[in-house]
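Right, one structure below, let's go through it.
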Amino acid sequence: MAGARAAAATSAGSSTSSGNPPPQEPGLGELLEEFSRTQYRAKDCSGTGGSKVERIEKRCLELFGRDYCYSVIQNVNGDICGHYPQHIVFLEYESSEKEKDMFQSTVQVSKLQDLVNRSKTARCRGRFVCPVILFKGKHICRSATLAGWGELYGRTGYNYIFSGGADDAWADAEDITEEDCALRSSDTHLFDKVRGYDIKLLRYLSVKYICDLMVENKKVKFGMNVTSSEKVDKAQRYADFTLLSIPYPGCEFFKEYKDRDYMAEGLIFNWKQDYVDAPLSIPTFLTCSLNIDWSQYQSWDLVQQTQNYLKLLLSIINSDDDSGLLVHCISGWDRTPLFISLLRLSLWADGLIHASLKPAEILYLTVAYDWFLFGHMLVDRLSKGEEIFFFCFNFLKHIISEEFSSLKTQRRKSLPARDAGFTLEDICMLRRKDRGSTTSLGSDFSLVMESSPGAAGSFTYEAVELVPAGAQTQAAWRKSHSSSPQSVLWSRPQPSEDRLPSHQGVVEAKSSSSSSSNHSDNFFRIGSSPLEVPKARLAALSERETRLQEVRSAFLATYSSTVGLRAAAPSPSGAIGGLLEQFVRGVGLRGTSSSTS
């Protein structure tokens, strides 16, 4: 690992007028073509496609360097992780042009390198806890879930098999339990050792909140627990962290999204499936300010569920706490980049991160870094119709309202205390809300999150000798409060039918979506194609709305000219013929691999 800083790039040309097509980031088309052609592997970057990947990584470093000083974790040839970037960016602090010439690293580079190398075996596929967003001095991180016994004992073989990226390439093993392994192993402290290093890395990054998107407590394949998670760690090693279980459907569910003509409204996950055993569990002090009925989570459609989970994540990082956040699913390359990308774009739209980047530039950065360079298998997902990647950017139309704005949260915190009544701002916000909404989800009158005293967890690992990273940046935000040991736990059986019909009426779909879903329709689509670039209405748009719609429009324009949408009944002629050819190529490359995320 070596300390590094990207040079500031020259500013791009002036933006086009609102009536013209959105400007495209140079290389975005090439990026999507490469992305839809093959899965990124760090060890393959020296081949013929290496020059393209090298340009992509170089562009990412340049875009990060516009607003931040950073160090780089070197992952040449995938020595640390085969599906992480060759140059893993560790953001240290925001910087001005003058500060770029006086960069001094705040990171203990050698100790961080040692922690990363030691902790990677604790996570599935070696996908260790990696910081990807810096907000108010807090690190927002991503990773895979915790590794199970089989992977820990067979790490060498697993690394060899997983380098191909196939989800179903689990090593053959007997049907044994963790307890059996513990009894038969001479090293009964293996979990204490590897998960201890994982905990050290989390503490080094000042992470306190861990959001688990898995719908399972443990991933089971061939009758064996191949992965675990913090929420079911029997020794409660992660008891000092605030654990949130927020189950979210895996990428295979997004085939139904594609089969419903890319309509997420009214699409509800079947929570009664046998493998779904992780209930929604959120500490109560994190739920009181959001005005969301979390007990109804199994009745939410895909739009509502994604919106409410995003609101939860935004409320955590906007709290007065100076602690960071970890988001993970199973492998950390489907559901995880979905929410990491939405967080990055939402904060950028408010002008709170990547302040100098234009819409086309932030789009390039999040597609390249959050999705491509962290190993999302777009080829495989496209061949199976599991279009979670397209869903992410098409979903931006559902988060343009002010209820997702972090600026609103900051304004609320700056207001003096009041006993009752509404301010002029409240009345204005009320006028902007959907007149047809009868739900309380995502109310604009959410209360400010207050400190909630709590108790420390019962399990304490050995003291960490490292100074947490980013201490200088976090000093300005240090108003710590501990987490509450109480949690809200819901696991309700789904009433009536096992699943909804694949196609529902417009009225039913709209009634099941949240208020902001309807409110977001300040842009409308001509025709029936989801790839139709939205046309601006005459009504004035907020800065947030404008920025997110420009990102979405730029994505749709480039995606339609490179990847395109998958037709239900492909035709051998025209553009559909090209998609069919791409489909066959994708199937040939990915074979029968699973779709676990």
Side-chain angles (χ1 to χ4, degrees), residues 6 9 11-16 18 20-36 40 52-53 55-68 85 89 132-133 135 140 142 306 310 336-374 376 378 387-400 404 520 523 530-534 536 541 543-565:
S11 59
S14 58
S15 59
T16 60
S18 58
N20 294 331
Q24 295 186 13
E25 168 70 8
L28 181 59
E30 179 187 59
L31 167 62
L32 287 178
E33 288 178 351
E34 178 70 12
F35 197 5
S36 62
Y40 166 82
K52 292 182 180 180
V53 176
R55 286 197 299 271
I56 293 170
E57 288 202 275
K58 183 177 180 181
R59 181 59 174 159
C60 288
L61 295 178
E62 177 190 359
L63 294 174
F64 276 121
R66 296 273 189 90
D67 300 284
Y68 298 92
V89 174
V132 289
I133 300 175
F135 175 58
I140 301 174
R142 63 182 295 170
T306 309
L310 182 61
T336 297
L338 166 64
F339 283 98
I340 290 295
S341 193
L342 291 177
L343 281 173
R344 191 185 300 278
L345 290 170
S346 181
L347 294 173
W348 166 84
D350 291 332
L352 298 176
I353 62 173
H354 304 291
S356 70
L357 298 191
K358 297 179 180 180
E361 293 171 333
I362 190 67
L363 173 60
Y364 185 97
L365 179 63
T366 190
V367 170
Y369 197 75
D370 297 330
W371 289 89
F372 176 66
L373 294 175
F374 272 87
H376 176 67
L378 183 60
E387 300 204 28
I388 187 173
F389 174 67
F390 176 81
F391 169 81
C392 174
F393 296 95
N394 194 41
F395 185 78
L396 294 178
K397 62 185 177 181
H398 294 297
I399 64 169
I400 60 177
F404 295 94
S520 68
F523 279 71
L531 280 177
E532 187 74 34
V533 177
L541 302 179
E543 181 70 15
R544 177 183 175 86
E545 289 175 305
T546 301
R547 288 159 71 89
L548 287 177
Q549 289 289 14
E550 287 184 12
V551 170
R552 178 171 175 263
S553 297
F555 174 81
L556 294 179
T558 309
Y559 193 88
S560 63
S561 63
T562 53
V563 182
L565 295 181

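We use all heavy atoms of the structure for the numbers below, so side chains are in, but hydrogens, waters and symmetry mates are not.
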Item to check | From CA spacing to verdict: side-chain contact (heavy atoms from CB on, under 4.5 Å), Leu396, Gln549 | outcome: CA-CA 7 Å; Leu396 294 178; Gln549 289 289 14; over 6 Å; no
Quick one, [X] and [Y] - any side-chain contact, counting heavy atoms below 4.5 Å?
X: Leu338; Y: Leu342; value: yes
X: Glu33; Y: Lys52; value: no
X: Glu57; Y: Tyr40; value: yes
X: Arg552; Y: Asn394; value: yes
X: Phe393; Y: Leu345; value: yes

When you measure from the side chain of [X] to the backbone N and O of [Y], does any donor-acceptor pair fall under 3.5 Å?
X: Trp348; Y: Arg547; value: no
X: Glu361; Y: Lys358; value: yes
X: Arg344; Y: Phe339; value: no
X: Ser36; Y: Leu32; value: yes
X: Asp370; Y: Ile340; value: no
X: Arg544; Y: Ser346; value: yes
X: Thr366; Y: Leu363; value: no

In Å, rounded to the nearest 0.5 Å, how long is the span from [atom1] of [X] to [atom2] of [Y]?
X: Ile362; Y: Arg66; atom1: CD1; atom2: CZ; value: 10.5 Å
X: Leu556; Y: Lys397; atom1: CG; atom2: NZ; value: 8.5 Å
X: Arg59; Y: Leu28; atom1: CZ; atom2: CG; value: 10.5 Å

Checklist entry - Step by step, would you call Leu357 with Leu365 a side-chain contact (heavy atoms from CB on, under 4.5 Å)? => result CA-CA 9 Å; Leu357 298 191; Leu365 179 63; 4.0 Å; yes
Item to check | Distance under 6.0 Å and angle within 45° of ring axis: Arg142 vs Phe374 | outcome: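 Yes, Arg142 lies over the aromatic ring of Phe374.
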Does [X] have its ring centroid less than 6.0 Å away from the ring centroid of [Y]?
X: Tyr369; Y: Phe64; answer: yes
X: Phe389; Y: Phe35; answer: yes
X: Phe395; Y: Phe390; answer: no
X: His354; Y: Tyr68; answer: yes

Checklist entry - For Cys60 and Leu373, which heavy atoms make the closest approach, and how far apart are they? => result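 Minimum heavy-atom contact is SG-CD1, 4.1 Å.
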Checklist entry - Which pair of non-hydrogen atoms, one from Ile399 and one from Leu548, has the smallest distance, and what is that distance? => result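 Of all heavy-atom pairs spanning Ile399 and Leu548, the closest is O-CD1, 3.6 Å.
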Checklist entry - When you look at Trp371 and His376, which way does the ring-ring contact (aromatic ring centres under 6.0 Å, His included) test go after all the steps? => result CA-CA 5 Å; Trp371 289 89; His376 176 67; 4.9 Å; yes
Next on the checklist: For a side-chain contact (heavy atoms from CB on, under 4.5 Å) check, start with the C-alpha distance between Phe555 and Glu550, then their side-chain angles and the critical distance, and finish with the verdict.
Outcome noted: CA-CA 9 Å; Phe555 174 81; Glu550 287 184 12; over 6 Å; no
